[in-house]
Amino acid sequence: MLQVPFIRSNKATVIKQLAKRNIDATEMIDEVIALDENRRGLQTKLDTILSESNNLSKEIGNLFKSGEVQKANALKEQTSQLKEESKQLSDQLNQKVEALNELLYKIPNVPNDLVPAGNTDDDNEEVFRAGETPKLHDGALPHWELAKTYDIIDFELGNKITGAGFPVYKGKGAKLQRALIAYFLDKNTAAGYTEYQLPHLVNEASGFGTGQLPDKEGQMYHVTEDNLYLIPTAEVPATNLFRDNLLNESDLPIAVTGYTPCFRREAGSYGAHVRGLNRLHQFDKVEILRVEHPTRSYDALNEMVEHVKGILNELKLPYRILRLCGGDLGFTSALTYDFEVFSTAQDRWLEISSVSNFETFQANRLKLRFKNAEGKNELCHTLNGSSLALPRVLAGILENYQTPEGIQIPEVLVPYTGFDKI
RNA sequence: GGAGAAAUGGCAGAGUGGUCGAAUGCGGCAGUCUUGAAAACUGUUGAGGGUCACACCUCCGGGGGUUCGAAUCCCUCUUUCUCCGCCA
């Protein structure tokens with residue numbers, strides 16, 4: 001969530017930038033400022049009363065000590081009114097704080113200057129394109145047909161044991177998945193990211209820290225018995241590693257990578273776009289995450305983009321990079337680059353990575369700070385990205401590397417798979 | 001799952017109703033001494049709100065209660081440890 005002091009001193013900019021998301025935030029921002037002023041006024045009043053009653057209590061204590069019981073009892077009577085007042089004030093104060101927070105939860109992050117205005121993914125700005133779209137032979141198939149032909153992914157079996165969106169990988173399909181995970185992790189650790197194995201279920205506080213809660217709980221599977229959520233992305237446990245941390249400036253930057261399965265309810269998705277591996281309830285993903293000094297975070301974002309590019313170049317897949325427009329930008333993000341791989345057989349682009357700078361938006365909720373050069377506590381910037389999401393990369397490989405004789409394995413993966421053809 | 005014990009500042013650890021935001025030690029920072037360093041000595045060292053800055057307020061695992069007054073008493077939740085049971 002946004003910081004109130006920031007809103008107060010940058011009101012015009014905040015409203016202007018939020019307009020890129022097609023939000024007129026004028027009213028909300030005004031209300032935030034009014035509620036905050038109100039809150040501070042109440043706080044000051046309450047503090048005064050508490051101060052008075054603290055003094056009285058001390059006096060009473062001293063009187064008891066010196067044996068002046070009657071005087072002490074007389075003073076006791078005075079405290080009851082103060083108590084009543086302070087109770088009322090603190091109730092009012094709590095209401096204000098709650099109202100303020102509820103409002104703040106509804107305000108998305110302020111888009112960066114680079115974010116183009118726009119409504120839908122049509123308005124995203126293509127900033128890079130690489131890789132040749134291969135000319136496929138006659139009779140080239142979409143990946144779900146290839147999966148069947150070569151018996152490497154079984155969607156029906158997943159259907160039987162769980163339901164739609166939970167495919168079963170088998171044989172060389174399973175091995176290829178494992179190879180991709182190992183390859184991605186190796187690339188990430190070689191680039192300085194520390195590998196973590198993270199919990200796949202998280203508590204409410206963690207869901208809140210990264211912005212899934214409140215409001216977006218419908219996207220996550222919820223284990224009500226224990227009030228835990230299945231992670232929709234490793235971003236949630238990875239970012240929450242640093243919840244409530246007060247770091248030294250020298251601890252920054254922090255770079256983390258981890259592989260986890262991801263679980264998404266994807267309520268409301270339907271049709272051809274959920275065919276095959278396009279959209280699943282459970283999928284594998286390797287994530288990279290950075291905790292950065294505010295002055296460096298956009299350099300870090302570029303480094304992450306370059307890193308993901310490096311991987312896709314090695315895999316020799318056709319891909320493009322989009323800068324998301326305001327309408328398509330995630331709630332918590334200030335600037336996001338999406339990577340899409342070209343699905344030749346489907347003739348469409350599939351999102352395989354999303355690299356974002358959240359600036360202080362998550363850090364504020366997480367209370368993730370560092371001590372700056374002046375000795376003041378300052379919020380860190382958090383960033384994360386996929387490197388990479390497995391199913392669509394797999395789809396891209398199957399479709400783009402298919403030949404009449406079988407599916408070639410990208411050269412960099414062969415040491416991991418142990419075979420060069422399916 | 002059952003029984004018991006515990007949770008205090010970066011860490012260790014005192015504090016069982018009244019100048020306790022909290023002794024002491026370690027660590028950190030600054031200074032003295034030193035050519036420099038170490039050692040020694042001296043000082044300093046939690047967070048949030050609030051203020052131009054002070055003042056002031058809140059925080060001793062979380063929440064609630066008793067009391068004029070709670071780190072200290074009561075209730076509750078969570079976590080950790082020990083023992084028993086079960087178990088990949």
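Below, chains carry the letters A, B, ... as their sequence lines are ordered, and counting in each starts from 1. Hydrogens, waters and symmetry mates play no part in the numbers below; they use all other heavy atoms, side chains included.
- Rounded to a whole angstrom, the distance from the P atom of rU16(B) to that of rG21(B) is 15 Å.
- In this entry rU19(B) has no Watson-Crick or G-U wobble partner, no candidate having both defining distances under 3.5 Å.
- Across every strand in view, rU72(B) sits unpaired, with no contact that passes the Watson-Crick or G-U test at under 3.5 angstrom.
- Nucleotides rU45(B) and rU24(B) are separated by 13 Å at their P atoms, to the nearest Å.
- The side chain of Ser57(A) lies closest to rG18(B), out of rA47(B), rG50(B), rG18(B).
- The nucleotide rU66(B) finds no pairing partner, because no Watson-Crick or G-U wobble arrangement with both distances shorter than 3.5 Å includes it.
- rG50(B) atom C1' lies 12 Å from atom CG of Leu93(A), rounded to whole Å.
- A straight line from CD of Gln78(A) to P of rG69(B) spans 14 Å, rounded to a whole angstrom.
- When both pairing distances are held under 3.5 Å, rA37(B) makes no Watson-Crick or G-U pair with any nucleotide shown.
- Put simply, CG on Leu247(A) is 13 Å from P on rG10(B), counting in whole angstrom units.
- For the C1' atoms, the distance from rC33(B) to rU42(B) is 11 Å, rounded to whole Å.
- Along RNA chain B, the nucleotide closest to Asn377(A) and the one closest to Leu56(A) are compared, and the more 5′ of them pairs with Asn377(A).
- When both distances must be under 3.5 Å, the Watson-Crick or G-U wobble mate of rA88(B) does not exist.
- Looking at Glu306(A) and Lys309(A), a side-chain N of the basic residue comes within less than 4.0 Å of a carboxylate O on the acidic one, giving a salt bridge.
- For the pair Phe64(A) CZ and rG17(B) P, the computed distance is 16 Å after rounding to whole Å.
- Between His307(A) and Tyr193(A), the distance from one ring center to the other falls under 6.0 angstrom.
- A gap of 38 Å separates the P atoms of rC68(B) and rA12(B), to the nearest Å.
- The phosphate of rA47(B) (OP1 or OP2) has a side-chain N or O of Lys371(A) nearer than 4.0 angstrom.
- Among the nucleotides rU51(B), rG18(B), rG49(B), the one closest to any side-chain atom of Arg40(A) is rU51(B).
- Comparing rC52(B) with rC60(B), their C1' atoms sit 33 Å apart, to the nearest whole Å.
- When the C1' atom of rG61(B) is taken as reference, atom CG of Asp244(A) falls 12 Å away, rounded to whole Å.
- Between rG64(B) and rU78(B), the distance separating the two C1' atoms is 15 Å to the nearest Å.
- As judged by a 4.0 angstrom heavy-atom cut-off over every strand, Thr79(A) is placed among residues touching the sugar-phosphate backbone only.
- Thr257(A) and Glu195(A) share no side-chain donor-acceptor pair at under 3.5 Å.
- Note: His293(A) NE2 to Asp251(A) CG = 12.0 Å, rounded to the nearest 0.5 Å.
- Nucleotide rU51(B) is matched to nothing when pairs are restricted to Watson-Crick or G-U wobble geometry with both distances under 3.5 angstrom.
- Pairing for rU82(B) goes to rA3(B), judged as Watson-Crick or G-U wobble with the two contacts each under 3.5 Å.
- Here Glu340(A) does not pair with Arg348(A) in a salt bridge; the nearest charged N to carboxylate O distance is not below 4.0 Å.
- Base pairing of rG27(B): its partner is rU45(B), meeting the Watson-Crick or G-U wobble criterion (both donor-acceptor distances under 3.5 Å).
- Residue Asp36(A) is the one, among Ser53(A) and Asp36(A), whose nearest nucleotide of RNA chain B lies closer to the 5' end (criterion: closest heavy atom).
- Taking atom P in both rA6(B) and rC73(B), one finds a spacing of 11 Å when rounded to whole Å.
- A salt bridge links Lys11(A) to Asp30(A): at least one charged side-chain nitrogen sits closer than 4.0 Å to a carboxylate oxygen.
- Between Met220(A) and Pro232(A), the shortest heavy-atom contact is SD-CD, 3.7 Å.
- Residue Arg39(A) has a polar side-chain atom (N or O) positioned under 4.0 Å from OP1 or OP2 of rG50(B).
- Rounded to whole angstrom, the span from the CG atom of Asp251(A) across to the C1' atom of rG10(B) amounts to 12 Å.
- Using a cut-off of 4.0 Å between Lys/Arg side-chain N and Asp/Glu carboxylate O, Glu59(A) and Lys71(A) are scored as not salt-bridged.
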Protein-nucleotides 53-60 of chain B N/O pairs under 3.5 Å:
from: rC56(B); atom 1: O3'; to: Ser51(A); atom 2: OG; distance (Å): 3.3
from: rC57(B); atom 1: OP1; to: Asn54(A); atom 2: ND2; distance (Å): 3.3
from: rC57(B); atom 1: O2'; to: Asp47(A); atom 2: OD1; distance (Å): 2.9

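- On the C1' atoms, rG61(B) is 27 Å away from rC56(B), given to the nearest whole Å.
- Among the protein residues, Lys45(A) comes within range of no part of the nucleic acid, since none of its heavy atoms lies under 4.0 Å from any strand.
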Treat primed atoms plus P, OP1 and OP2 as sugar-phosphate and everything else as base, then score nucleotides 73-79 of chain B 5' to 3': B for base contact with protein heavy atoms under 4.0 Å, S for sugar-phosphate contact only, - for none.
-------
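- Residue pairs meeting the ring pair (Phe, Tyr, Trp, His ring centres under 6.0 Å) criterion with at least one partner in residues 82-106 of chain A, sequence neighbours excluded, are Tyr105(A)-Phe208(A).
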